[in-house]
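These notes concern the structure reproduced below.
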Number of protein chains: 2
Amino acid sequence: MVTILDIAKLAEVSRTTVSRVLNDSGYVSDKARVKVLEAIEQTGYVPSEQAKSLRTKKTKVIGVILPKISTETASRVVDGIDHVLSEKGYQILLANANLQVEKEIEQLKLLESRRVDGIILLATNLEEKLLKAIADLNVPLVALGQDVPGIPSIVYDDYRSAKELTETIISKGHKHIGFIGVYETDEAVGKVRKQGYMDAMKDHGLVIEEAWIQKGKFDIESGYDAMKKILSNSNHTPTATFAVTDRLAIGAMEYLKEKQIVIPDQMAIAGIGASEISKYVSPRLTTVDYNNENAGMETARLLLDQLNGSEEKMRKLSMDYRLIVRDSLR
Amino acid sequence: MVTILDIAKLAEVSRTTVSRVLNDSGYVSDKARVKVLEAIEQTGYVPSEQAKSLRTKKTKVIGVILPKISTETASRVVDGIDHVLSEKGYQILLANANLQVEKEIEQLKLLESRRVDGIILLATNLEEKLLKAIADLNVPLVALGQDVPGIPSIVYDDYRSAKELTETIISKGHKHIGFIGVYETDEAVGKVRKQGYMDAMKDHGLVIEEAWIQKGKFDIESGYDAMKKILSNSNHTPTATFAVTDRLAIGAMEYLKEKQIVIPDQMAIAGIGASEISKYVSPRLTTVDYNNENAGMETARLLLDQLNGSEEKMRKLSMDYRLIVRDSLR
DNA sequence: ACTTTTAGTGGAATCGATTCCACAAAAGGA
DNA sequence: TCCTTTTGTGGAATCGATTCCACTAAAAGT
């Protein structure tokens, strides 16, 4: 592979001069510039970013840690991140945590060893181990999705959206409302959204039957199982169910269809996420749009601000959301 | 940031020794090893992969060029790629071409400048410019999705799957079959799949009316428009329509539903891709599963073989597929 | 005509690792 | 006991760029 030295020799100048042409900095005569450019053209020389960053201490690479690669949310967020970063000449180094905290920590170390300029963490949990790993990291980091203490974070408005969605359901006249959630180690999705639901119910003086609240993982299957349990274990069957993700909602709908329970007449359904599916299932699913691309963009901007030092450390931002009421709720 | 020299001083040994501990290579006494390890522990030293790869000429990074980040296919493929690569200690540098050839070429250069060990290109077109850029690239590259001449490529079996799917439709008794395709600059999806459809029709002595064949982009909207045209422009309205992607099929279904045309009784529909939506629209969509994760894994393996020189250059591989016949076809 | 700027250039140090080589001490073999 | 291995170590070169600094020649100022 051809190096700057080869170019220097070919153009009969010093590497210094070549470097100056490359970065157009300092003085360089037209004659020298032309010779260098010709040499580059001729050899197809591509400067090594690698060597450059060793010297300059900037890699122009941002690490992005995802809980899982192949999810609609993740790819939307990455899309947004890329949109902002690529414009500023940054590239994205992908790191997959595969839903394991251990992996998450490992990836942090790995990204640090690669000397990325910054890290964006799509956070799903706040385990002590992870917080510690983040604390003794030497790379600027921002989190998306969970409020990580001491770290600039962007969060979705899980509480208000869950509460508002529940209230919307209530406003349609439902009094018995089921809830399909996830494990509470996920602070944002597991805990906060549930709290939104509970508080909305409480505010309207509605009591919740224990069997109405079911938990699952993040897959469609879990939604199916949860709905089954709700229906079989409740004394008073709910007339509506709020699932904390669209996938869970879809799963619930699957079960209802199987049992010939009419949506929304016998059971109304709502989810969160505005997944593409939500628009095409029938009936169309009522959901909340978190605008993930936008969140990704904001996160990237926050990180860039951090890198440029032009922002106070430790900013927190809560993203906006949008209720989308469709046929699955009436 | 602490360097190997700091560790050397702290442990009272030479950098050479520290390096030996790091890579456990060569001889190093227990005493020295312990001291080095202690120093590392104490300082939280993380070796610079960067400096390392400058010397070793290996970055352990693979560039992946996507036509678009936020698509189901792309994220599934990346998932597969990551699965194989991360196991071997490689990381993924994401490059978004945003459906532009220019960008694709630019990303090639960019990845080369970062000295990635290899590149995986999710190819969508075979423009001359691109082929040239690939030709004078100094990095091992494999392509997925299109057969790039002179380059190891993995392709889906677009021809056979399209033909077989069309034949399946025919076998259900349909004689008038519409087709929703995409622009033919996309060799695999645009041209080859169409050929599969045409050949199947021809083999069965079925003539195709011009208006039955419509083209669009890759979005749902296009499918909607295409179906509209098929219905309004045909002399003899088809009783089934084959769309080259699930999204186009979904769009077509949307139009049919709007017009109260019953699927599959009045119009059967089939797509390709086995997208998640296909399972949850109603009626459930007949489609072809290309198993993108698996394709991603195979592509990654092919690249690794290439890097290890253990494989002949220029291998071509055609992936398997699986027909999924669901309610939208009868 | 002499001093001060401005242009233009290259030598050499530097970034943080690896690795070749030389060398010394200890262990093993004759 | 002397010679050969084995073990252990560090100096110095290297990877491919940037950048500080010194230096010369030409241009500008007085």
Side-chain angles (χ1 to χ4, degrees), chain A residues 1-37 39-40 43-61 89 109-117 138-139, chain B residues 1-37 39-40 43-61 89 109-117 138-139:
Chain A
M1 183 137 275
V2 28
T3 76
I4 198 173
L5 191 60
D6 300 323
I7 301 299
K9 280 181 190 155
L10 202 62
E12 296 172 299
V13 296
S14 71
R15 342 211 270 255
T16 311
T17 301
V18 177
S19 175
R20 276 193 277 254
V21 172
L22 254 29
N23 304 291
D24 52 39
S25 62
Y27 298 115
V28 42
S29 66
D30 286 348
K31 207 171 58 177
R33 181 186 312 280
V34 168
K35 279 201 294 181
V36 169
L37 258 22
I40 291 176
T43 55
Y45 165 65
V46 179
S48 161
E49 266 302 316
Q50 192 158 96
K52 175 173 178 172
S53 34
L54 179 58
R55 184 74 230 261
T56 61
K57 307 280 202 177
K58 299 219 170 311
T59 52
K60 286 282 185 176
V61 172
K109 279 284 169 215
L110 225 50
L111 291 175
E112 182 175 16
S113 80
R114 293 241 133 96
R115 300 294 188 263
V116 295
D117 289 345
N138 268 311
V139 185
Chain B
M1 183 136 275
V2 27
T3 76
I4 197 173
L5 190 60
D6 299 323
I7 301 300
K9 280 182 190 154
L10 201 63
E12 296 172 300
V13 296
S14 71
R15 340 210 270 254
T16 312
T17 301
V18 177
S19 175
R20 277 193 277 254
V21 172
L22 253 29
N23 304 290
D24 51 40
S25 62
Y27 297 114
V28 43
S29 66
D30 286 348
K31 207 170 59 180
R33 168 170 283 109
V34 168
K35 279 201 294 182
V36 169
L37 257 22
I40 291 176
T43 55
Y45 165 66
V46 180
S48 162
E49 266 303 316
Q50 187 153 91
K52 176 172 177 172
S53 35
L54 179 58
R55 185 71 232 261
T56 61
K57 308 280 204 175
K58 301 221 169 308
T59 52
K60 285 285 185 172
V61 171
K109 279 283 168 216
L110 225 52
L111 291 176
E112 183 175 16
S113 81
R114 297 226 186 258
R115 300 294 188 266
V116 295
D117 289 346
N138 268 310
V139 185

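Keep in mind it's a predicted model, so treat the numbers as computed, not measured. Reminder, nothing fancy here: chain letters follow the sequence lines and each chain counts from 1.
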Phosphate OP1/OP2 of [N]: any [X] side-chain N/O under 4.0 Å:
X: A/K57; N: C/dG16; answer: yes
X: A/S19; N: D/dA17; answer: no
X: A/K52; N: C/dC15; answer: no

In whole Å, I'd like the distance from the [atom1] atom of [X] to the [atom2] atom of [N].
X: B/L54; N: C/dA17; atom1: CG; atom2: P; value: 12 Å
X: B/I40; N: C/dG16; atom1: CD1; atom2: P; value: 16 Å
X: A/R114; N: C/dG16; atom1: CZ; atom2: P; value: 18 Å
X: A/D24; N: D/dA17; atom1: CG; atom2: C1'; value: 16 Å
X: B/M1; N: C/dG16; atom1: CE; atom2: C1'; value: 12 Å
X: A/Q50; N: C/dA17; atom1: CD; atom2: P; value: 13 Å
X: B/K58; N: C/dA17; atom1: NZ; atom2: C1'; value: 16 Å
X: B/N23; N: C/dA17; atom1: CG; atom2: C1'; value: 9 Å

*Is there a donor-acceptor pair closer than 3.5 Å between any side-chain N or O of A/R33 and the backbone N or O of A/R20?*
no
Heavy-atom closest pair, residues [X] and [Y]:
X: B/I7; Y: B/V18; result: CG2-CG1, 3.9 Å
X: A/R15; Y: A/A8; result: N-CB, 3.7 Å
X: B/S53; Y: B/K58; result: CB-O, 2.8 Å
X: B/M1; Y: A/N138; result: CE-CB, 3.0 Å
X: A/S19; Y: A/I4; result: N-CD1, 3.9 Å
X: B/D6; Y: B/T3; result: OD2-N, 2.8 Å

Heavy atoms within less than 4.0 Å of DNA chain C: which residues of residues 3-10 of chain A have one? Give them sorted by number.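 Residues of residues 3-10 of chain A under 4.0 Å from DNA chain C: none.
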So NZ of B/K57 and CG of B/D117: to nearest 0.5 Å the spacing works out to 12.0 Å
About how many Å separate CZ of B/R115 and CG of B/L54, when rounded to the nearest 0.5 Å?
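Output value for this atom pair is 10.0 Å.
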Students should find that the end-to-end axis angle of the helix from C/dA1-D/dT30 to C/dA30-D/dT1, with five pairs defining each axis and rounding to 10 degrees, is 40°
Margin query: side chain to side chain contact (heavy atoms under 4.5 Å, CB included) for B/T59 and A/Q50? Distances and angles first, verdict last.
Written below: CA-CA 9 Å; B/T59 52; A/Q50 192 158 96; 2.9 Å; yes
Between the protein and nucleotides 7-14 of chain C, which nitrogen or oxygen pairs come in under 3.5 angstrom?
unit_1: C/dA7; atom_1: OP2; unit_2: A/Y27; atom_2: OH; d: 2.5
unit_1: C/dT9; atom_1: OP1; unit_2: A/S29; atom_2: OG; d: 2.8
unit_1: C/dT9; atom_1: OP2; unit_2: A/S29; atom_2: N; d: 2.8
unit_1: C/dT9; atom_1: OP2; unit_2: A/S29; atom_2: OG; d: 3.1
unit_1: C/dG10; atom_1: OP2; unit_2: A/S14; atom_2: N; d: 2.9
unit_1: C/dG10; atom_1: OP2; unit_2: A/S14; atom_2: OG; d: 3.3
unit_1: C/dG10; atom_1: OP2; unit_2: A/T17; atom_2: OG1; d: 2.9
unit_1: C/dG10; atom_1: N7; unit_2: A/R20; atom_2: NH2; d: 2.8
unit_1: C/dG10; atom_1: O6; unit_2: A/R20; atom_2: NH1; d: 3.4
unit_1: C/dG11; atom_1: O6; unit_2: A/T16; atom_2: OG1; d: 3.1
unit_1: C/dT14; atom_1: O2; unit_2: A/R55; atom_2: NE; d: 3.3
unit_1: C/dT14; atom_1: O2; unit_2: A/R55; atom_2: NH1; d: 3.1

Hey, does B/L10 have a side-chain heavy atom less than 4.5 Å from the side chain of B/T43? yes
